[in-house]
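Down below is the structure, laid out as structure tokens.
Within every chain, numbering begins at 1; the chains are lettered A, B, ... in the order of the sequence lines, protein sequences first and strands thereafter. Note that this is a predicted model, so its numbers are computed, not measured. Values reported hereafter were calculated over all heavy atoms of this structure, with side chains retained and with hydrogens, waters and symmetry mates removed.
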Amino acid sequence: MQYTLDRFTHDIRAALEQTGRIPADLTELSEPKASLQADLALACFRAAKAQGGNPAKLAQELAATLQFPPDALVGKVEASGPFLNFTLNAGQFGGAVLGDVIHGVEHYGDDDLGASKTVIVEYSSPNVAKRMHVGHIRSTIIGQALLNILAALGYHTISDNHLGDWGKQFGTNIASMIRFGRPEGNGEAALAEIERLYQRYNRMMKGENADTDDEADDEQMLDDEARSWSLKLEQGDPTARELWQWMCDMTLRVNQRNYDRLGVHFDMAHGESFYRDMTAPVIEEALAAGIAMREPGGAVVVKDLSDERGHELPTFLLQRSDGGTLYQTRDVATIEYREREYRPAIVIYVVEQRQELHFRQAFALAKALGHARDTQLVHVHFGTIFGANGEPLSTRKGNMVYLEALLNDAEARARAVVLEKIGAGKTELPPEEIDAIASAVGIGAVVYNDLYQDVRRNITLDWERMLAFEGNSAPYLQYTFARCCSILREALNRDTSANLLEGLPPFEAMLLREPQEQAVLKQIARLPDAVRRAGQAFAPYIIAEWLYTTAREFARFYRDLSVLKAATPELRAARLALVAATAQSLRNGLHLLGLAAPERM
RNA sequence: GCGGGCGUAGCUCAGCGGAUAGAGCAGCGACCUUCUAAGUCGUUGGUCGUGGGUUCGAUUCCCGCCGCCCGCGCCA
């Protein structure tokens, strides 16, 4: 898809190539720093060197040679030392950008580079029989944002919640409920109780509870019991299956409330259990290929496997000596299943950094077995969240932060701020909208906290920052959008609209010549590129950065230039169109990150 | 030991081959009878972990070292 800035770049490169002075591979343009008054630049060093000339001289000659018609997108062409600077033709630029937005509306910024290829994003993936905590929120939020971005780029997206609903821990869960009884109730509290029973059993198994006259025998017995329930579950024992199903159903119901609040939606939730009957073929396949070996004890191991970079990977297991399968086995089975079923071009795993090795092994094994040849397997790994004092969060230490409580807290804080603003006469809001606004703002702050920076970084939990409503934060972005809407309401006498540019009076974009107006236009024009870069780098923060810069530029425009009281009706109409285009673009960007865009705040 | 991630302002982070290294927060000082001050402006603050190398040019690429986090067979 070609947007205005694409055309700008294309026109310059074409003109450069036409001069015959620069080979096509040296016409790479770069964006000068904001402090310089140019929109694109060509560094002439390499081209000059190739022909044995002086870069500054070449820049000068090119500046003298290049000609663009008055109605072109390219305006001034100037040499500045060894750089050749190009400036947008302000008169043409505004109309072109606003035209792009009017044409695209809620799809402005989208692209077709995904070309309907299928991409599967696996994210959230909480464990059954446990409450979701801050660790899961990262995967959930990052994954949803990536999914939105990739969908905007034209990919056929499939979101999959790869639930942790299988494995040895359910043996322990079942054993603990057989021993201590099944918890009553149904919600988050019942999940917490299951966790407590699990931990209690686990401690006894490890002999950490010296409250009874436990002997080592008992510990061994408890361990055998858990292991045996795990195997019974794999073999379809009715009691085991019933308890397991009960845990799964309840967990899904509880989690769904969190997903609803976060605006997260899954096309499917195939947990690990879904692949349980597909693991045996994986093991056989690996053995037959000679990549895996069965050890005398019965365990199946993979040795001497290398990753794509040629690094030898540590040995890992596909089957336990007691016959049970492992996470690794199921993940390879998952790769094979997805390939058979969906033929994806890309599969993205939004999973914490700690599992980097696990995925390198799974990917390498799948490739070694000849699978996923045409599939890009990507582990988008994010950093760990630490407590305020820098300590790891853990249930054992009792410093765990649960998702539901976090969202409640964020909403409550946002609500307090909303009421404070109303009380101070800063805003007027219909009472029935207050809850929705508090929710949009509070949850937006939490979501944005996970998206505004490169996801690879670790995060130290800081409530003040996480729920910050100032500076580079979701509420600031939402506030800017609300200000745009406020102007549109005044001028157009209308409230909500899917198309914020609908019903604008005729306007002449040529009139938008002030630097503040041009700066906003330039930012609007950059959205498509931000979306492309975010998708290519699997980096939602690129959208966040675009949003923030756009909001800042709009704030400057807002401060200096009045829309409603513009000097002439023509100028007012043009600025109104600029506001509408800003609002539409901001909303598109907010939606890509999964953030709500309230029209009043 | 091997492998992965990260070291940029007091704190949290952008920038990752080009022209004086940018934001937010915190600090200091301004600006609301004006389209919402959840805002804006000014100001203080940097040997870009460190030592080499490549290059006309390195915070950015390569190599060594140091520091922090994480991972490395029967958990997920």
Side-chain angles (χ1 to χ4, degrees), chain A residues 30 32-36 38 41 43 45-46 48-49 55 80-83 85 125 127 164 166-169 172 272 295 297-303 307 311-322 324 326-328 330-331 352-358 360-361 381-384 386 390 392 414 417-418 420-421 424-429 441 452-454 456-460 462 464-465 468-473 475-480 482-491 541-542 544-545 548-549 551-552 555-556 558-566 575-576 579 600-601:
Chain A
S30 62
K33 297 191 165 140
S35 53
L36 295 159
F45 301 99
R46 293 179 64 197
K49 195 174 183 183
S80 167
F83 295 93
N85 289 339
S125 313
N127 293 317
W166 206 246
K168 199 185 158 192
Q169 81 266 26
T172 310
E272 288 183 63
E295 289 187 334
V300 175
V301 299
V302 178
K303 289 181 178 168
D307 67 11
H311 286 131
E312 195 169 302
L313 295 164
T315 304
F316 60 95
L317 251 56
L318 282 184
Q319 191 170 30
R320 302 194 306 246
S321 45
D322 67 4
L326 293 120
Y327 181 39
Q328 192 70 261
R330 274 166 249 137
D331 259 353
E352 60 177 346
Q353 202 274 138
R354 282 204 280 252
Q355 300 201 34
E356 189 272 341
L357 176 59
H358 164 82
R360 245 185 324 137
Q361 290 171 328
H381 44 86
F382 53 84
T384 313
F386 294 98
V417 174
V418 170
E420 178 201 317
K421 299 287 176 192
K426 304 271 191 193
T427 183
E428 283 178 34
L429 298 173
V441 170
Y452 82 99
Q453 64 185 51
D454 190 320
R456 280 182 298 232
R457 289 184 175 275
N458 291 339
I459 290 184
T460 299
D462 180 336
E464 289 307 314
R465 187 177 306 113
F469 294 166
E470 291 157 15
N472 188 2
S473 67
Y476 171 63
L477 306 176
Q478 292 167 322
Y479 175 71
T480 307
R483 283 172 130 187
C484 291
C485 289
S486 177
I487 295 173
L488 294 173
R489 256 196 313 274
E490 284 290 321
Y541 82 88
I542 291 171
E545 211 161 55
Y548 181 60
T549 310
R552 293 209 96 209
R556 295 193 175 114
Y558 183 94
R559 174 199 62 203
D560 295 334
L561 305 167
S562 180
V563 177
L564 300 178
K565 292 176 187 161
R575 285 185 180 161
L576 207 52
V579 172
R600 296 171 216 268
M601 274 177 70

* Counting any heavy atom closer than 4.0 Å, what does A:Leu561 reach on the DNA or RNA strands: base, sugar-phosphate only, or nothing? -> base
* Asked: Looking at the side chain of A:Ser562, which of B:C35, B:G18, B:C74 is the nearest nucleotide?
  -> B:C35
* In whole Å, what is the span from the NE2 atom of A:His358 to the P atom of B:A76? -> 10 Å
* **Nearest-angstrom distance from the residue atom CD of A:Gln328 to P of B:A76** => 10 Å
* Does A:Tyr476 place a side-chain N or O at less than 4.0 Å from the phosphate oxygens OP1/OP2 of B:U40? -> yes
* Would you mind telling me which of B:A19, B:A76, B:A14 lies closest to the side-chain atoms of A:Tyr327? => B:A76
* B:G73 glycosidic torsion: syn (within 90° of 0) vs anti -> syn
* Asked: Are any of A:Arg330's side-chain N or O atoms less than 4.0 Å away from OP1 or OP2 of B:A76?
  -> yes
* Asked: Where the side chain of A:Glu545 is defined as all heavy atoms beyond and including C-beta, which of B:C35, B:C74, B:A14 is the nearest nucleotide?
  -> B:A14
* Nearest heavy atoms of A:Cys484 and A:Val579, plus distance in Å -> O-CG1, 3.6 Å
* To do: Can you see which heavy atom on A:Asp307 is nearest to which on A:Arg360, and at what distance?
  => OD2-NH1, 2.9 Å
* Asked: Does A:Gly164 or A:Leu317 map to a spot on RNA chain B nearer the 5' end, using the closest nucleotide for each?
  -> A:Leu317
* Is a side-chain donor or acceptor of A:Glu352 paired with a backbone partner of A:Thr384 at a separation under 3.5 angstrom? -> no
* To do: Kindly say if A:Ser486 contacts the phosphate of B:U36, meaning a side-chain N or O under 4.0 Å from OP1 or OP2.
  => yes
* Set of side chain to side chain contact (heavy atoms under 4.5 Å, CB included) partners for A:Gln353, sequence neighbours left out -> A:Glu356, A:His381
* Asked: Which part of the nucleic acid, if any, lies within contact of A:Ala299, taking any heavy atom under 4.0 Å across all strands shown: a base, the sugar-phosphate backbone alone, or nothing?
  -> base
* To do: May I ask you to check whether over 12 heavy atoms, not counting those of A:Arg600, lie within 6.0 Å of atom CZ?
  => yes
* Nearest to side-chain heavy atoms of A:Arg556, which nucleotide of B:C41, B:C72, B:A38 -> B:C41
* To do: Indicate whether A:Tyr558 forms a stack on B:G39; treat it as stacked only if centroid distance is below 5.5 angstrom and interplanar angle below 30 degrees.
  => no
* **A:Arg600, nearest nucleotide to its side chain (from B:A19, B:G24, B:U36)** => B:U36
* Heavy-atom closest pair, residues A:Ala555 and A:Tyr476 -> CB-OH, 4.0 Å
* Asked: If you take atom types as modelled and just measure distance, does the side chain of A:Thr384 reach the base of B:C69 with a donor-acceptor pair under 3.5 Å?
  -> no
* Between the side chain of A:Asn458 and the main-chain N/O of A:Gly383, is any donor-acceptor distance below 3.5 Å? -> no
* To do: To the nearest Å, give me how far apart CD (A:Glu352) and P (B:G4) are.
  => 18 Å
* To do: Select one nucleotide: of B:C69, B:C75, B:G71, the one nearest the side-chain heavy atoms of A:Leu326.
  => B:C75
* Nearest-angstrom distance, P atom, B:C56 to B:G49 -> 25 Å
* Whether A:Ser486 side chain and A:Ala482 backbone form a donor-acceptor pair below 3.5 Å -> no
* Using atom C1' of each nucleotide, how far apart are B:G67 and B:G73 to the nearest Å? -> 31 Å
* To do: Examine the base of B:A19 for any acceptor or donor lying under 3.5 Å from a partner atom in the side chain of A:Asn85, and report the outcome as yes or no.
  => yes
* Closest approach of A:Pro475 to A:Phe469 (non-hydrogen atoms, all atoms of both residues) -> CG-CD2, 3.4 Å
* **Presence of A:Lys168 side-chain N/O under 4.0 Å of B:C75 phosphate oxygens OP1/OP2** => yes
* Asked: Think A:Arg575 has a side-chain N or O under 4.0 angstrom from the OP1 or OP2 of B:C35?
  -> no
* To do: Answer syn or anti for B:C32, where the cut-off is 90° from 0 on the glycosidic torsion.
  => syn
* Asked: Rounded to the nearest Å, what distance is computed from the CD atom of residue A:Glu295 to the P atom of nucleotide B:G73?
  -> 13 Å
* **Separation of B:A37 P from A:Met601 CE (nearest whole Å)** => 12 Å
* When you check the phosphate oxygens OP1 and OP2 of B:C13, does a side-chain N or O of A:Arg465 lie under 4.0 Å from one of them? -> no
* Asked: Between A:Lys421 and B:A38, is there a side-chain N or O to OP1/OP2 distance below 4.0 Å?
  -> yes
* Structure fact -> Checking B:A76, B:C69, B:C11 against the side chain of A:Phe386 (C-beta onward), the nearest is B:C69
* **Separation between the P atoms of B:G1 and B:U59, rounded to whole Å** => 30 Å
* Check whether any side-chain nitrogen or oxygen of A:Arg552 sits under 4.0 Å from OP1 or OP2 of B:C41, and answer yes or no. => yes
* Euclidean distance for C1', B:C48 against B:A9 (whole angstrom) -> 10 Å
* Is a side-chain N or O of A:Thr427 found less than 3.5 angstrom from the main chain of A:Met601, in a donor-acceptor match? -> yes
* **Pairing annotation in dot-bracket form, given for RNA chain B with Watson-Crick or G-U pairs under 3.5 Å and | for cross-strand partners** => (((((((..((((....[...)))).(((((.......))))).....(((((..]....))))))))))))....
* Can you tell me how far C1' in B:G45 sits from the matching atom in B:C11, rounded to whole Å? -> 12 Å
* **A:Arg457 side chain, from C-beta outward: closest of B:C75, B:U8, B:U36** => B:U8
* To do: Describe the nucleic acid contact of A:Gln353 in one word from base, sugar-phosphate, nothing, applying a heavy-atom distance below 4.0 Å.
  => base
* Could you give the CD-to-C1' distance, from A:Gln453 to B:U8, as a whole number of Å? -> 14 Å
* Quick one: label A:Gly167 by what it contacts on the DNA or RNA (base, sugar-phosphate, nothing), any heavy atom closer than 4.0 Å. => sugar-phosphate
* Spacing of the C1' atoms in B:A23 and B:U36 (rounded, Å) -> 24 Å
* Out of B:A76, B:C35, B:A23, whichever nucleotide has its closest atom nearest the side chain of A:Tyr548 -> B:A23
* Roughly how far apart, to the nearest Å, are B:U12 and B:G51 at atom P? -> 23 Å
* Structure fact -> note: A:Trp166, atom CH2; B:C75, atom C1'; distance rounded to Å ~ 16 Å
* For A:Pro82, report the nucleic acid contact type (base, sugar-phosphate, nothing); a contact means any heavy atom under 4.0 Å. => nothing
* **side chain to side chain contact (heavy atoms under 4.5 Å, CB included), paired with A:Leu317, selected from A:Leu326, A:Val300, A:Val302** => A:Leu326
* **Whole angstrom value for the distance that separates P of B:G18 from CZ of A:Arg46** => 12 Å
* To do: Name the nucleic acid region contacted by A:Asp560, choosing base, sugar-phosphate or nothing; use a 4.0 angstrom heavy-atom cut-off, strictly under.
  => nothing
* Structure fact -> Contacts of A:Lys565 and A:Ala43 projected onto RNA chain B by closest heavy atom; the upstream (5') one is A:Ala43
* Asked: Expressed as a whole number of Å, how far does the P atom of B:G17 sit from that of B:C62?
  -> 10 Å
* **Shortest non-hydrogen contact from A:Phe45 toward A:Pro82** => CZ-CG, 3.5 Å
* Asked: To the side chain of A:Lys49, which of B:G4, B:A19, B:C56 is closest?
  -> B:C56
